[in-house]
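Notes for the one structure printed next.
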Protein chains: 2
Amino acid sequence: MARPRDTAVDAKVLEAARALLRERGYAGFALDEAAARAEVARTTVYRRWPSKDHLVVAAFATMFETAPIRETGDVRADLTGTLTAIAAGLRLPATRALVAELIAAGTRHPELGDALRPLWTQRRTAAAELIDRAVARGELAADADPALIIDQLVGPLYYRVLISGDPIDDCFARALVDTTLARHR
Amino acid sequence: MARPRDTAVDAKVLEAARALLRERGYAGFALDEAAARAEVARTTVYRRWPSKDHLVVAAFATMFETAPIRETGDVRADLTGTLTAIAAGLRLPATRALVAELIAAGTRHPELGDALRPLWTQRRTAAAELIDRAVARGELAADADPALIIDQLVGPLYYRVLISGDPIDDCFARALVDTTLARHR
DNA sequence: CGAGTTCCGCTACGCGTGTTTCGTAACGAG
DNA sequence: CTCGTTACGAAACACGCGTAGCGGAACTCG
């Protein structure tokens with residue numbers, strides 16, 4: 001009963017939030033301005049997303065895209081390609097900062113952590129299937145644990161970007177794949 | 001020339017900040033309250049640390065301690081011990097949240113990222129020496145790259161805690177060490 | 001058409017961060 | 001001891017986040 005929500009408002013706000021996020025990053029993102037750009041009252045935004053963090057995560061989820069992996073049939077090449085693709089994105093300072101803020105948001109609000117997880121692990125599950133097929137082809141040992149392998153491939157990437165600050169060049173990505181695969185053949 | 005700063009103020013504020021950080025974590029940390037507890041004006045705090053982030057990092061740096069690694073002579077045991085020690089700390093939700101916020105602070109202010117890096121990498125360099133000595137003993141292959149090995153050991157830990165959310169039990173730590181060492185022997 | 005419910009915008013408020021300005025008191029140099 | 005410099009404290013301000021209350025308008029149902 002009663003008046004339904006204007007779904008156009010959700011779309012307008014998310015669109016404005018995406019633009020603002022791209023232009024100024026998380027730090028420069030002001031909820032007031034997102035509302036103003038969407039030509040909507042601030043209170044109306046709060047009626048849909050209970051906090052800035054929630055809105056930012058929702059906006060990020062709609063602009064997060066992963067290029068599909070082109071599978072060549074050679075695990076080494078496929079994994080290297082996946083890693084360099086991830087690395088290329090993380091190298092951008094803006095992306096790096098946004099990722100850090102999103103992770104922090106995910107620890108502040110557990111439900112946001114839950115919402116973000118599928119986004120992060122999307123490429124990860126694709127890579128897991130890559131490994132499964134390589135095992136089926138006999139390219140990798142049958143006892144290879146895809147989850148562990150991927151943690152050892154992707155983990156160091158995020159670790160370097162977020163924590164140690166070491167560079168993540170393509171040479172590093174190749175070295176990761178090489179040493180990891182050597183164990184399972 | 002002129003009046004010198006009261007160094008007791010620095011100590012009092014840092015002490016109050018540490019206590020507040022332990023009690024309420026980063027989110028519940030209010031600079032006003034830290035100043036009040038130190039019986040100091042807010043402006044005085046800002047004269048020493050230009051932002052909440054700076055104060056928190058400074059306070060964290062003084063309460064970050066790493067238990068020294070007891071070296072048994074068996075690389076596998078030593079590395080497993082180091083990893084489980086790191087994992088034990090990271091498993092605490094409070095620590096997890098603080099680490100996430102500190103990383104975000106490090107991306108907002110590059111100088112804070114620089115200040116934090118030595119803290120994170122302290123255990124890492126200790127582990128690197130562990131590996132160096134193992135190589136010298138002939139326990140590991142001479143071509144083993146300590147930096148790469150450690151990235152593959154520690155990276156997955158942080159990756160799971162901060163991103164994938166997967167559990168980091170001691171079994172996982174053992175598996176990491178096992179598969180990594182198997183490659184270099 | 002009328003009644004009830006819900007949405008939307010507006011205003012006001014409390015809180016925390018960070019800046020600025022001012023007056024006062026402490027210290028060092030001559 | 002006096003003077004110039006600087007630290008400290010107090011107050012006011014701007015800004016962004018988040019909450020609450022109100023009035024008007026839109027929509028649904030009987």
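Everything quoted here is computed from the prediction, not taken from an experiment. Numbered from 1 within each chain, the chains take letters A, B, ... in sequence-line order.
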Report, one line per pair, each donor and acceptor closer than 3.5 Å where one atom sits in a side chain of residues 105-115 of chain A; sequence neighbours left out.
residue, atom, partner, partner atom, Å
A:Thr107, OG1, A:Ala104, O, 2.8
A:Arg108, NE, A:Asp53, OD2, 2.9
A:Arg108, NH1, B:Glu101, OE1, 3.2
A:Arg108, NH1, B:Glu101, OE2, 2.8
A:Arg108, NH2, A:Tyr26, OH, 3.4
A:Arg108, NH2, A:Asp53, OD1, 3.4
A:Arg108, NH2, A:Asp53, OD2, 3.3
A:His109, NE2, A:Asp53, OD2, 3.1
A:Glu111, OE2, A:His54, NE2, 2.8
A:Asp114, OD1, A:Arg117, NH1, 3.0

Within residues 153-163 of chain B or reaching into it, pairs that qualify as side-chain hydrogen bond (donor to acceptor under 3.5 Å, both in side chains) - sequence neighbours excluded: A:Asp151-B:Arg160

Taking salt bridge (charged side-chain N to carboxylate O under 4.0 Å, His left out) as the test, write out the residues that go with A:Asp10, two or more places apart. A:Arg48

With DNA chain C as reference, determine whether A:Ala2 or B:Arg47 sits nearer its 5' end, using the nearest nucleotide of each. A:Ala2

Keeping to residues at least two apart or across chains, list the salt bridge (charged side-chain N to carboxylate O under 4.0 Å, His left out) pairs with something in residues 84-100 of chain A. A:Arg91-A:Asp170

Residue pairs meeting side-chain hydrogen bond (donor to acceptor under 3.5 Å, both in side chains), one or both in residues 15-25 of chain B, sequence neighbours left out, come to B:Glu15-B:Arg18, B:Arg18-B:Thr62, B:Glu23-B:Arg37, B:Arg24-B:Glu33

Report all interatomic pairs (protein N or O, nucleotide N or O of nucleotides 16-19 of chain D) with separations under 3.5 Å.
residue, atom, partner, partner atom, Å
D:dC17, OP1, A:Phe29, O, 3.4
D:dC17, OP1, A:Leu31, N, 3.1
D:dC17, OP2, A:Leu31, N, 3.0
D:dC17, OP2, A:Asp32, OD1, 2.8
D:dG18, OP2, A:Tyr46, OH, 3.4
D:dG18, OP2, A:Lys52, N, 2.7
D:dG18, O6, A:Arg42, NH2, 3.0

Salt-bridge contact B:Glu71-B:Arg133 (side-chain N to carboxylate O under 4.0 Å): yes

Please identify each residue that fulfils side-chain contact (heavy atoms from CB on, under 4.5 Å) with B:Arg3, with sequence neighbours left out. none

So, using salt bridge (charged side-chain N to carboxylate O under 4.0 Å, His left out) as the criterion, who are the partners of A:Asp6 when residues are at least two apart? none

Counted 5' to 3', the first and last nucleotides of DNA chain C within 4.0 Å (strictly under) of a heavy-atom of chain B are C:dT17 to C:dG28

